[in-house]
Asker: 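Could you have a look at this structure, given as structure tokens, before my questions?
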Amino acid sequence: MVINNCLIIIVSSPSGVGKTTITNKLLKKIKKSYLSVSCTTRNPRKNERHKVDYFFISKEKFFQFKKQKKFLETAKVHNNYYGTLKTELKKNSKHSKVVLLDIDWQGARSIKKKIKNNCYSFFLLPPSIAILKRRLLRRHHDNKKLALSRLSSARKDLRFWEEYDYVYVNDKLIKCVNEIYKKISQLLIEKNQRSY
């Protein structure tokens with residue numbers, strides 16, 4: 001898949017590190033940016049909206065889409081399926097300067113193989129495992145078992161940071177957002193220089 005008119009920016013992190021918060025802040029800072037909406041078979045969380053946060057679909061529909069080769073990438077995370085629709089990327093890359101993808105390492109690996117140009121991957125690290133554990137226990141305060149299961153998955157996800165183009169530690173949120181924004185701005189300038 002060739003993307004010439006915009007940057008594809010992949011943002012990944014283990015659960016609890018803050019990729020959704022950072023991605024949303026980047027969307028507000030970057031003019032003409034768009035967040036690619038993924039499909040998922042999991043149930044919506046409180047305040048999540050269909051077609052805005054995710055396309056919430058059944059497992060049957062997910063596997064039907066997969067069979068029809070509608071996905072650019074798919075992954076199974078915490079017993080739920082996720083996928084990036086090819087149409088979502090094609091449609092939005094025409095009108096945006098930057099298309100952000102909030103996906104895990106499996107999806108990132110797959111997309112980097114399929115999109116060779118103007119595609120960059122960013123990985124977010126927690127300041128420490130102890131801080132990540134604290135964040136997850138706070139997020140899932142009513143379900144300690146789930147929090148510890150997420151921590152176990154996070155430890156596995158952390159092994160893949162070396163596959164990424166850029167790595168940032170989310171210690172202070174605004175500082176981390178500004179550093180990533182600065183790097184994306186630099187990549188946009190380089191891309192425009194190559195176009196002339």
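The figures that follow rest on heavy atoms only: side chains count, while hydrogens, waters and symmetry mates do not.
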Asker: Measuring only between side-chain heavy atoms, which start at C-beta, is K86 closer than 4.5 Å to K69?
Answerer: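 With C-beta onward as the side chain, the pair touches.
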Asker: Please lay out, stage by stage, how L7 and V99 fare under the test side-chain contact (heavy atoms from CB on, under 4.5 Å).
Answerer: CA-CA 6 Å; L7 288 184; V99 174; over 6 Å; no
Asker: Might you work through the side-chain contact (heavy atoms from CB on, under 4.5 Å) test for I131 and R135, ending with a clear yes or no?
Answerer: CA-CA 6 Å; I131 288 172; R135 285 178 187 172; 3.7 Å; yes
Asker: Less than 4.5 Å apart, side chain to side chain, heavy atoms only: is that true for K94 and N5?
Answerer: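 Sidechains of N5 and K94: in contact.
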Asker: Could you tell me which non-hydrogen atom of D104 sits nearest to which non-hydrogen atom of A75, and how far apart they are?
Answerer: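 So the minimum-distance heavy-atom pair works out to OD1-CB, 3.8 Å.
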Asker: What closest approach, in Å, do H50 and F56 show between heavy atoms, and which atom pair accounts for it?
Answerer: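 That closest heavy-atom pairing would be ND1-N, 3.1 Å.
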Asker: Parallel, tilted or perpendicular: which describes the rings of F122 and Y168, with under 30° parallel and over 60° perpendicular?
Answerer: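 Taking Y168 first and then F122, their aromatic rings lie parallel (interplane angle under 30°).
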Asker: Between F71 and F62 (judged by ring centroids, cut-off 6.0 Å), do the two rings come close enough to count as a pair?
Answerer: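 Distance test on ring centres: under 6.0 Å, yes.
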Asker: Answer yes or no: is there a side-chain heavy-atom contact under 4.5 Å between L26 and S33?
Answerer: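 Answer no - side chains too far apart.
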Asker: Distance from S185 atom OG to E190 atom CD, nearest 0.5 Å?
Answerer: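 Reported value, rounded in 0.5 Å steps: 11.0 Å.
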Asker: Would you indicate whether the side-chain heavy atoms of V17 and L125 approach each other to under 4.5 Å?
Answerer: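 Not in contact.
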Asker: Hey, what do you get for OG (S121) to CD1 (I103), rounding to the nearest 0.5 Å?
Answerer: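 Between S121 OG and I103 CD1, I get 9.0 Å after rounding to 0.5 Å.
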Asker: Do other residues, nucleotides or ligands put more than 12 heavy atoms under 6.0 Å from the CG atom of N79?
Answerer: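 Not more than 12 within 6.0 Å, no.
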Asker: Calculate, to the nearest 0.5 Å, the distance between atoms CD1 and CG belonging to I10 and L100 respectively.
Answerer: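 It is 10.5 Å, given to the nearest 0.5 Å.
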Asker: Just checking, is any N or O donor in the side chain of E88 or Y34 under 3.5 Å from an acceptor N or O on the other one?
Answerer: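 Present: a donor and an acceptor within the cut-off.
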Asker: For a quick check under 3.5 Å, do N143 and R150 share a side-chain donor-acceptor pair by atom type?
Answerer: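 No - no donor-acceptor pair under 3.5 Å links their side chains.
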Asker: Would you mind listing every salt bridge (Lys or Arg N to Asp or Glu O under 4.0 Å) that reaches into residues 110-130, with sequence neighbours excluded?
Answerer: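 Only K112-D165 qualify under salt bridge (Lys or Arg N to Asp or Glu O under 4.0 Å).
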Asker: Is it the case that over 12 heavy atoms from other parts of the model lie below 6.0 angstrom from the CZ atom of R155?
Answerer: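 Result for CZ/R155: open.
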Asker: Considering non-hydrogen atoms only, spot the tightest contact between L137 and K144 and give its length.
Answerer: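 Nearest heavy atoms, L137 then K144: CD2-CG, 3.7 Å.
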Asker: Please check if the side chain of N170 supplies one atom and the backbone of L124 the other of a donor-acceptor pair under 3.5 Å.
Answerer: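 Not confirmed, N170 side chain does not pair with L124 backbone.
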Asker: Would a distance-only check, ignoring hydrogens and angles, find a side-chain to backbone donor-acceptor pair under 3.5 Å from T74 to T84?
Answerer: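 Checking the backbone N and O of T84 against the side chain of T74, no donor-acceptor pair under 3.5 Å is found.
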Asker: With distance as the sole criterion, is a donor-acceptor pair present between the side chains of Q64 and E60 under 3.5 Å?
Answerer: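 Absent: no donor and acceptor within the cut-off.
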Asker: Quick test of your reading of the model: are K175 and E179 salt-bridged, counting only N-O distances below 4.0 Å?
Answerer: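 Judged by the 4.0 Å cut-off on N to carboxylate O distance, K175 and E179 do form a salt bridge.
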Asker: Just say parallel, tilted or perpendicular for the rings of F160 and W105, cut-offs at 30° and 60°.
Answerer: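 The arrangement is parallel - the two ring planes meet at less than 30°.
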Asker: With a 4.5 Å heavy-atom cut-off, do I22 and I180 have their side chains touching?
Answerer: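 I22 reaches I180 side chain to side chain.
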Asker: Would you say L173 ends up clustered with L35 if hydrophobic residues are merged whenever their side chains have heavy atoms under 4.5 Å apart, either directly or through other cluster members?
Answerer: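 Yes, one cluster joins them.
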Asker: So which heavy atom on Q106 is nearest to which on K76, and how close?
Answerer: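 That would be NE2-O, 3.4 Å.
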Asker: Assess K29 against Y181: is NZ or CZ under 6.0 Å from the centre of the six-membered ring, and within 45 degrees of the ring's axis?
Answerer: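 Here K29 passes the 6.0 Å and 45° test against Y181.
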Asker: Once you round to the nearest 0.5 Å, how far does OG of S13 lie from CG of D157?
Answerer: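 Answer rounded to 0.5 Å: 8.5 Å.
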Asker: Looking only at the side chains, is there a donor atom on one of Y82 and R42 sitting less than 3.5 Å from an acceptor on the other?
Answerer: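 Y82 vs R42: donor-acceptor pair found between side chains.
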Asker: Does K25 NZ have over 12 foreign heavy atoms under 6.0 Å away?
Answerer: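 For K25, atom NZ is not crowded (no more than 12 foreign heavy atoms under 6.0 Å).
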Asker: Is there a side-chain contact between I115 and L89 in this structure, where contact means two heavy atoms from C-beta onward sitting under 4.5 Å apart?
Answerer: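 Yes, side chains in contact.
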Asker: Just wondering, do L187 and N118 contact through their side chains at under 4.5 Å, heavy atoms?
Answerer: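 Side-chain contact under 4.5 Å: no.
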Asker: Supply the atom-to-atom distance I184 CD1 to K191 NZ, rounded to the nearest 0.5 angstrom.
Answerer: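 That separation rounds to 14.0 Å.
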Asker: Spell out, as yes or no, whether a donor-acceptor pair under 3.5 Å connects the side chain of T23 to the backbone of D102.
Answerer: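 Such a contact is absent between T23 side chain and D102 backbone.
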Asker: Quick check: closest heavy atoms across S96 and C6, and the distance to 0.1 Å?
Answerer: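 Between these two residues, the closest heavy atoms are O-CB, 3.0 Å.
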Asker: Show the nearest heavy-atom pair for residues R109 and E163, with the distance to one decimal.
Answerer: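 The answer is NH2-OE2, 2.5 Å.
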Asker: Would you mind reporting whether L85 and L72 have side-chain heavy atoms less than 4.5 Å apart?
Answerer: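 The answer is no; the side chains never approach within 4.5 Å.
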Asker: Apply side-chain contact (heavy atoms from CB on, under 4.5 Å) to the pair I9 and L101, showing each step before the final yes or no.
Answerer: CA-CA 6 Å; I9 301 291; L101 283 93; over 6 Å; no
Asker: Can you get from V77 to L146 by hopping between Ile, Leu, Val, Met, Phe, Trp and Tyr side chains that sit under 4.5 Å apart?
Answerer: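 Cluster IDs for V77 and L146 differ.
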Asker: Evaluate side-chain contact (heavy atoms from CB on, under 4.5 Å) for F65 paired with I57, printing each intermediate quantity in order.
Answerer: CA-CA 10 Å; F65 281 2; I57 61 173; 4.2 Å; yes
Asker: Is the number of heavy atoms from other residues, nucleotides or ligands within 6.0 Å of NZ (K183) greater than 12?
Answerer: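 Yes, because the 6.0 Å sphere around NZ of K183 holds more than 12 heavy atoms from other groups.
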Asker: Any chance you could measure Y54, atom OH, to C39, atom SG, to the nearest 0.5 Å?
Answerer: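 Here the interatomic distance stands at 11.0 Å.
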